[in-house]
Amino acid sequence: MPELPEVETVRRGLAPAMEGARVEKLEQRRPDLRFPFPERFSARLEGRTIRSLRRRAKYLLFELDDDAVLIAHLGMSGSFQVETGNGADTPGDFHHARSTLASHDHVIFHVDGPMGRARIIYNDPRRFGFMLMTRRDELDDHPTLRGLGPEPTGNTLSAEVLAERFAAKSAPLKAALLDQRIIAGLGNIYVCEALWRAGLSPRRRAATLVTAGGRPLLRLEKLVQSIRGVIADAIDAGGSSLRDHRQTDGTLGYFQHRFDVYDREGDRCRREDCGGTIRRIVQSGRSTFFCPACQR
DNA sequence: CCTTGAACCTGGGCGC
DNA sequence: TGCGCCCAGGTTCAAG
C-alpha cells in the first residue's frame with residue numbers, strides 16, 4: 001500500500017539497517033522495473049556508504065557518501081524486506097531469511113552497517129516501481145521531484161496554499177487531491193479518507209471550496225486538518241506495526257488497517273448520527289468511496 | 001494550459 | 001478445475 005504513510009513506514013524500517021551501512025554488493029536480477037535500471041547501477045552503489053535515508057512524497061531517497069542519490073519508488077506493489085544478521089559471521093545466515101529468493105525479488109542490497117551484515121530485498125510483482133540515480137545538488141530539479149506539491153506532514157501545507165492551488169481547478173476534489181503537484185503523497189485510499197473526515201464530497205469541484213460563500217478558509221482549514229490527521233494516524237499505525245513485530249514475514253510497507261470509507265461499499269457510515277450508506281463510484285478510472293449523506 | 005483515459009504488469013477473486 | 005473478466009496502493013504519456 002505505498003502511499004505516503006506506507007513509504008514512511010518503509011523508510012523507518014530500513015533506516016536502522018541501512019543508514020551508515022556500506023553496500024558490499026548489489027544484486028540485480030533483471031534489467032528493468034518500470035524503467036531500465038541506471039547505467040552501471042551496481043558499480044555506482046557497491047563500496048558506497050549510505051549517509052541517510054530520506055523520503056519525499058512517495059519517493060525514498062538514499063543519500064550516498066559520494067553525493068549520489070538513489071531515488072526509489074514502490075509503484076503499486078513494491079516492498080522491502082530486511083534480513084539482519086544474527087551475529088554469527090556466516091554468510092547467508094539471517095533472521096527472517098528466505099530459504100530461496102522469490103520470483104519477484106528483483107534487487108538485493110547486501111550491506112554491512114550498524115546492525116551488522118544484512119540483506120535488503122526489493123520485491124515488486126507488478127514492476128510499476130523504479131530506481132533512478134542523480135546527484136545531490138540536482139535532486140530538487142530532478143524531473144520526478146520537481147513540481148511536487150507540499151508534504152502534508154510539514155508546515156508548508158496550509159489553507160492558504162490550498163486556496164491558491166484550488167482556485168483555477170475545475171477538477172473534482174478527488175482528482176485535485178490525487179494531483180501530486182497540489183499536495184504530494186496522497187493516494188487513492190487517503191484521499192477518500194481525508195474527504196470523509198472533512199465532510200466534503202469527492203465530486204465537488206475544487207474551486208467551489210474557494211469561491212463559494214461563507215468562509216472559504218475555514219472549510220479549507222478543516223480539509224487540511226483532515227489530511228494531516230489521516231496521514232498522521234496511518235503513520236502511527238505503520239510505526240506501531242513496525243515496533244510490534246514488523247510483520248511476521250518481515251516484509252515492510254504493508255500493515256492491516258481498517259479504513260472509515262475505503263473499500264466499505266454498502267456499509268453504514270461510521271460518522272456519529274449520520275446513518276448514510278457508503279457508496280462506490282468511479283472517478284478518472286479509479287474507485288472512490290464516500291458517504292453521500294454527510295459528504296457535501 | 002487543463003482534463004480524461006489508456007497503458008504499463010502480475011495476481012487474486014469471482015461468476016459461469 | 002478452468003477460463004474469462006474485473007479489480008488493485010501509481011505514474012506517465014497521448015489525445016481531446
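Owing to the predicted nature of the structure, the values given are computational and were not obtained by experimental measurement. Here is how names work: the chains are called A, B, and so on, in the same order as the sequence lines, proteins then strands, and each is numbered from 1.
Look at A:His104 and you won't find any side-chain N or O under 4.0 angstrom from OP1 or OP2 of B:dC9. Taking 4.0 angstrom as the limit, A:Ser77 places none of its side-chain polar atoms (N or O) nearer than this to OP1 or OP2 of C:dA8. Phosphate proximity of C:dA8 to A:Ser287: present, with a side-chain N or O under 4.0 Å from OP1 or OP2.
Between A:His106 atom NE2 and B:dC9 atom C1' there is a gap of 10 Å when expressed in whole angstrom units. Rounded to whole angstrom, the span from the CG atom of A:Leu33 across to the C1' atom of B:dT10 amounts to 13 Å. Atoms CD (A:Gln283) and C1' (B:dT3) sit 13 Å apart, rounded to a whole Å. Distance CG (A:Asp263) to C1' (C:dC7): 10 Å, rounded to an integer number of Å. The separation between A:Asp32 atom CG and B:dC8 atom C1' is 11 Å, rounded to whole Å. In this structure, A:Arg30 atom CZ and B:dT10 atom C1' are separated by 11 Å, rounded to whole Å. For the pair A:Glu265 CD and B:dG13 P, the interatomic distance rounds to 18 Å; values are reported in whole Å. Here B:dC2 presents its C1' atom at 16 Å from CZ of A:Arg165, a figure rounded to the nearest Å.
Between A:Phe259 and A:Tyr262, the ring planes lie perpendicular to each other; the angle is over 60°, past the 30° to 60° tilted range. Aromatic ring pairs are classed by plane angle as parallel below 30°, tilted from 30° to 60° and perpendicular above 60°; the pair A:Phe109 and A:Phe62 is parallel.
Contact annotation: the side chain of A:His104 approaches that of A:Pro125 to within less than 4.5 Å [non-hydrogen atoms, C-beta and beyond]. A:Cys274 is listed as a side-chain neighbour of A:Cys291, based on a closest heavy-atom distance under 4.5 Å. For the pair A:Leu148 and A:Arg56, the minimum side-chain heavy-atom distance is below 4.5 Å.
A pairwise comparison of heavy atoms in A:Ala206 and A:Lys169 identifies CB-CB, 3.8 Å as the closest pair. Closest heavy-atom contact between A:Asp66 and A:Arg135: O-NH2, 3.0 Å.
Summarising the base pairing, C:dC6 is matched to B:dG12 through a Watson-Crick or G-U wobble pair whose two defining distances lie under 3.5 Å.
Of the listed nucleotides (B:dT10, B:dC2, C:dC7), B:dC2 has the atom at the smallest distance from the side chain of A:Ser170.
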Inset, instruction - Encode nucleotides 10-16 of chain C as B, S and - characters from 5' to 3', where the letter depends on protein heavy atoms closer than 4.0 Å: B to the base, S only to sugar-phosphate, - to neither. - result: BBS----

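Taking atom P on both B:dA6 and C:dC6, the two are 13 Å apart, rounded to the nearest angstrom.
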